[in-house]
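For reference, the structure is listed below as structure tokens.
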Amino acid sequence: MFEKRSYCGELSKTDIGKNVILAGWVNRKRDLGGIIFIQLRDITGILQITVDPVKSPELTNILNDIKSEYCLLVSGAVKSRAKEAVNPDMMTGEIELTATTIEILNSSPVPPILVDTDEKIGEDLRLKFRFLDLRREEMKDAVIKRHMLMQSARAYLSSKRFLEIETPLLNKSTPEGARDFLVPSRINKNMFYALPQSPQLFKQILMISGFDRYFQIAKCFRDEDLRNDRQPEFTQIDLEMSFITVDMIIEIIEGLLKIIVKELLGKDIDMPFKRITYDEAMARFGKDAPDMRFGMELAEMSDIFAKSDFKVFASALKDGGMIKAIVFPEGGKISRKYIDEYTEYVKIFKAKGLPYARFKDGAFDGGIAKFLTEDEKNALTGRLKLKDGGIIFFASDSEKIVNDTLGNLRIRLANDFNIIDLNILDFVWVTDFPLLEYNIEDKRYYAMHHPFTSPKKEHIAILKNITPDNVNDIKAQAYDIVLNGVEIGGGSIRISSTELQNKIFSLLGISEEEANVKFSFLLEALKYGAPPHGGLALGLDRILMLLLKRNSLRDVIPFPKTARGQCLMSEAPSYVSAEQLDELSIKTV
RNA sequence: GGGGUGUUAGCUCAGUUUGGUUAGAGUGCCUGCCUGUCACGCAGGAGGUCGCGAGUUCGAGCCUCGUACACCCCGCCA
């Protein structure tokens with residue numbers, strides 16, 4: 001029977017008259033008394049099965065038993081529907097199957113969540129009963145699109161001479177970066193493997209080994225707190241190339257993203273993508289992942305208010321801070337209630353307040369308008385290209401707080417007033433990231449990307465005289481790819497010289513000894529004719545989330561974790577037996 | 001580590017300015033009727049530890065405190 005199975009969603013008018021066998025689940029059953037309809041669902045779609053108890057009395061008993069989510073094997077003839085019975089909203093709405101036999105392959109209790117519903121089901125329930133949730137159209141679509149994405153990435157990269165090579169999941173722990181998930185070694189008492197945060201070191205080794213183009217659809221693990229766009233285990237399309245330039249990498253990735261978008265959405269996207277430097281992104285959008293689908297850019301105001309008597313501005317400047325502003329054009333929509341809400345909102349980013357002023361009938365009004373001098377008003381009007389009805393929001397504080405405040409407020413306003421065209425796919429490269437950043441509390445430098453990132457050639461010289469003040473002038477050959485304001489990937493040209501690598505380690509406060517303990521195999525390998533190389537990793541889950549317009553990574557991962565890192569279905573993580581712990585020489589507290 | 005929102009029937013939610021008799025709706029489920037439905041329809045019915053634990057009160061779904069879980073945000077995520 002199963003050998004000759006047809007699929008519900010693949011039958012059409014051309015199959016009319018054929019006898020077919022279908023296997024699937026009961027989506028809905030409609031018992032009209034004299035006639036019974038069963039919507040049968042399989043991976044491809046839904047087909048209506050009709051049964052006439054008068055003509056098929058032998059099916060009557062079985063029909064009484066059949067309920068939602070029963071698993072059935074049905075045989076019968078494909079028939080065209082009468083004109084008035086056609087359902088235009090259904091893919092198979094012109095045909096139906098008149099059942100001659102129905103076998104119940106398995107029954108089902110009343111499902112706790114309805115598969116065929118548009119109603120929003122609580123996420124905890126969906127995760128607990130994921131096997132039912134995955135039967136829902138939305139999830140099924142995500143899983144299928146995920147497959148399509150992976151297949152088209154494999155085909156494309158293979159065609160560009162990339163080899164798919166696996167790297168170990170059981171790795172050495174490296175304290176730099178995110179927290180590692182640790183795996184105890186039974187054979188080596190008191191020792192631990194770490195699950196990879198990314199295959200970074202191994203893919204560089206592969207370059208040195210001469211596999212000059214590598215890719216992997218790689219599972220990565222980071223033991224950090226979760227968000228709607230962050231899971232403890234996630235998937236990267238990871239790649240690395242030898243003998244390349246930043247432009248070459250960018251071109252290959254643009255080609256990859258283009259075919260992915262074409263495959264999943266049937267859309268053509270324009271190439272090449274926009275490019276913006278990190279410094280410009282921070283200046284204009286306040287974020288290193290700018291959402292450029294709308295305006296309302298941040299404007300520098302420090303010079304205009306250099307002599308301001310307004311205490312908030314004056315003290316911010318005196319403390320070495322800055323002043324920026326954004327304009328929301330439809331200020332009339334911003335009621336007192338919104339102002340209060342946003343004033344509260346920006347406190348999240350450590351802003352002390354949210355100064356604002358309205359521009360109406362050629363004059364400033366409300367908020368801090370009364371503190372503005374004529375010169376300041378004129379300068380504001382010009383720089384912000386103020387139009388009637390606009391409202392200006394200011395931030396004055398340290399650069400970080402100012403950018404965080406206005407960068408996030410800008411997005412918040414755009415969302416609250418629906419000014420973003422959600423059909424746009426806005427890809428942008430962010431280039432020239434700083435190589436290092438200085439942490440005031442720890443009084444040391446940290447790698448912005450990772451310690452193997454190459455500085456721009458022309459900036460290597462500055463490394464000798466690095467200070468917390470000029471650290472930002474040293475740019476890396478590092479780049480992120482951003483889609484609609486979300487980072488979907490990043491990479492860099494790597495350091496291929498032992499000498500430079502050691503120099504960077506010393507700047508990062510990693511002693512030669514320490515570096516040898518942590519990265520000995522890479523440092524050793526670099527000596528043996530390491531080719532210039534670089535690469536990038538794309539967040540597969542995030543790309544899928546954005547392309548399918550889902551709000552969370554959990555909606556594009558078949559079996560995701562909750563915000564506390566638990567799997568509500570399998571109930572991982574869990575306690576383990578004393579015997580297991582004994583074997584590993586581990587004591588719990 | 002910190003902040004916010006939520007938790008009431010299987011599911012999605014309402015629950016009244018201000019605490020007051022027997023906690024409601026839609027849907028699902030069960031029973032009956034129904035030969036062209038497609039969110040079938042009609043009639044009837046069952047279904048509740050108001051997350052959990054304390055407290056205030058004559059009286060708590062509602063107020064207070066604690067706690068668990070889910071989601072969102074800050075920190076964190078080279």
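Reminder, nothing fancy here: chain letters follow the sequence lines and each chain counts from 1.
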Whole-Å distance separating the [atom1] atom of [X] from the [atom2] atom of [N]:
{"X": "A:Asn415", "N": "B:rC73", "atom1": "CG", "atom2": "C1'", "answer": "14 Å"}
{"X": "A:Ile113", "N": "B:rC13", "atom1": "CD1", "atom2": "P", "answer": "14 Å"}
{"X": "A:Gln231", "N": "B:rC76", "atom1": "CD", "atom2": "C1'", "answer": "16 Å"}
{"X": "A:Glu123", "N": "B:rU5", "atom1": "CD", "atom2": "C1'", "answer": "15 Å"}
{"X": "A:Arg554", "N": "B:rA70", "atom1": "CZ", "atom2": "P", "answer": "10 Å"}
{"X": "A:Arg126", "N": "B:rC71", "atom1": "CZ", "atom2": "P", "answer": "11 Å"}
{"X": "A:Arg28", "N": "B:rU27", "atom1": "CZ", "atom2": "P", "answer": "12 Å"}
{"X": "A:Asp31", "N": "B:rA39", "atom1": "CG", "atom2": "C1'", "answer": "16 Å"}

### Query
Given B:rU37, is OP1 or OP2 found less than 4.0 Å from the side-chain N or O atoms of A:Arg30?
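Looking at the OP1 and OP2 atoms of B:rU37, neither is under 4.0 Å from any side-chain N or O of A:Arg30.
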
### Query
Does a nitrogen or oxygen in the side chain of A:Asn228 sit under 4.0 Å from OP1 or OP2 of B:rC73?
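Yes, within the criterion.
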
For the base of [N], is there a side-chain donor-acceptor partner from [X] under 3.5 Å away?
{"X": "A:Glu96", "N": "B:rG36", "value": "yes"}
{"X": "A:Arg222", "N": "B:rC77", "value": "no"}
{"X": "A:Arg227", "N": "B:rG75", "value": "yes"}

Under 4.0 angstrom, heavy atoms only, what part of the nucleic acid is [X] near: base, sugar-phosphate, or nothing?
{"X": "A:Leu125", "value": "sugar-phosphate"}
{"X": "A:Lys120", "value": "sugar-phosphate"}
{"X": "A:Thr174", "value": "nothing"}
{"X": "A:Gly93", "value": "nothing"}
{"X": "A:Ala178", "value": "sugar-phosphate"}
{"X": "A:Phe37", "value": "base"}
{"X": "A:Pro451", "value": "base"}

Complementary nucleotide for [N] - Watson-Crick or wobble, under 3.5 Å:
{"N": "B:rU5", "value": "B:rA70"}
{"N": "B:rU57", "value": "none"}
{"N": "B:rG10", "value": "B:rU27"}
{"N": "B:rA46", "value": "none"}

For atom [atom1], what is the distance between [N] and [M], given to the nearest Å?
{"N": "B:rU22", "M": "B:rG6", "atom1": "C1'", "answer": "29 Å"}
{"N": "B:rC30", "M": "B:rU17", "atom1": "P", "answer": "39 Å"}
{"N": "B:rG44", "M": "B:rU27", "atom1": "P", "answer": "14 Å"}
{"N": "B:rG20", "M": "B:rA60", "atom1": "P", "answer": "11 Å"}
{"N": "B:rC69", "M": "B:rG32", "atom1": "C1'", "answer": "42 Å"}
{"N": "B:rG53", "M": "B:rG61", "atom1": "C1'", "answer": "16 Å"}
{"N": "B:rU5", "M": "B:rG66", "atom1": "P", "answer": "14 Å"}
{"N": "B:rG10", "M": "B:rA54", "atom1": "P", "answer": "23 Å"}

For [Y], is there an ion pair with [X] - N to carboxylate O distance below 4.0 angstrom?
{"X": "A:Arg136", "Y": "A:Glu138", "value": "yes"}
{"X": "A:Arg179", "Y": "A:Asp223", "value": "no"}
{"X": "A:Lys475", "Y": "A:Asp279", "value": "yes"}

### Query
Want to settle it: does A:Asp124 or A:Phe452 sit nearer the 5' end of RNA chain B, counting the closest nucleotide to each?
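Per heavy-atom nearest nucleotide, the more 5' residue is A:Asp124.
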
### Query
With nearest nucleotides of RNA chain B determined for A:Ala82 and A:Lys561 from heavy-atom distances, which residue corresponds to the more 5′ nucleotide?
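Its nearest nucleotide lies further toward 5', so the answer is A:Ala82.
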
### Query
Between A:Asp397 and A:Lys352, is a salt bridge (Lys or Arg N to Asp or Glu O under 4.0 Å) present by the stated rule, with each step listed?
CA-CA 8 Å; A:Asp397 213 303; A:Lys352 295 177 194 78; 2.8 Å; yes

[X] side-chain proximity, nearest of [options]:
{"X": "A:Arg230", "options": "B:rG75, B:rA70, B:rU12", "value": "B:rG75"}
{"X": "A:Val110", "options": "B:rA70, B:rC29, B:rC74", "value": "B:rC29"}
{"X": "A:Arg81", "options": "B:rU35, B:rG75, B:rU37", "value": "B:rU37"}
{"X": "A:Asn87", "options": "B:rC38, B:rA70, B:rC77", "value": "B:rC38"}
{"X": "A:Ile121", "options": "B:rG36, B:rA70, B:rU12", "value": "B:rU12"}

### Message
Tell me the closest heavy-atom pair linking A:Lys140 and A:Asp42, and the distance in Å.
### Response
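Between these two residues, the closest heavy atoms are NZ-O, 3.4 Å.
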
### Query
Taking all atoms of both residues into account, what is the closest heavy-atom pair of A:Arg130 and A:Pro560, and its distance?
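Result for this residue pair: NH2-CD, 3.4 Å.
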
### Task
Please work out which residues in residues 48-70 of chain A have a non-hydrogen atom less than 4.0 Å from an atom of RNA chain B and list them by number.
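Per residue number, the list reads A:Gln48, A:Asp52, A:Val54, A:Lys67.
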
### Query
Will you find, in the side chains of A:Gln216 and A:Thr167, an N or O donor that is under 3.5 Å from an N or O acceptor?
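Per modelled atom types, A:Gln216 and A:Thr167 side chains form a pair under 3.5 Å.
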
### Query
Between the side chains of A:Tyr438 and A:Asn472, does any donor sit under 3.5 Å from an acceptor?
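No, because no side-chain N or O of A:Tyr438 sits under 3.5 Å from a partner of the opposite role on A:Asn472.
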
### Query
When the ring planes of A:Tyr338 and A:Phe417 are compared, do they come out parallel, tilted or perpendicular, using 30° and 60° as the limits?
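Correct class here is tilted.
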
### Message
Using modelled atom types and a 3.5 Å cut-off, is there a donor and acceptor pairing between side-chain atoms of A:Asp15 and backbone atoms of A:Ser12?
### Response
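Side chain of A:Asp15 to backbone of A:Ser12: a pair is present.
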
### Query
Should the pair A:Arg135 and A:Phe131 be classed as cation-pi, given the thresholds of under 6.0 Å to the six-membered ring centre and 45° from the axis?
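The answer is no, since A:Arg135 fails at least one limit relative to A:Phe131.
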
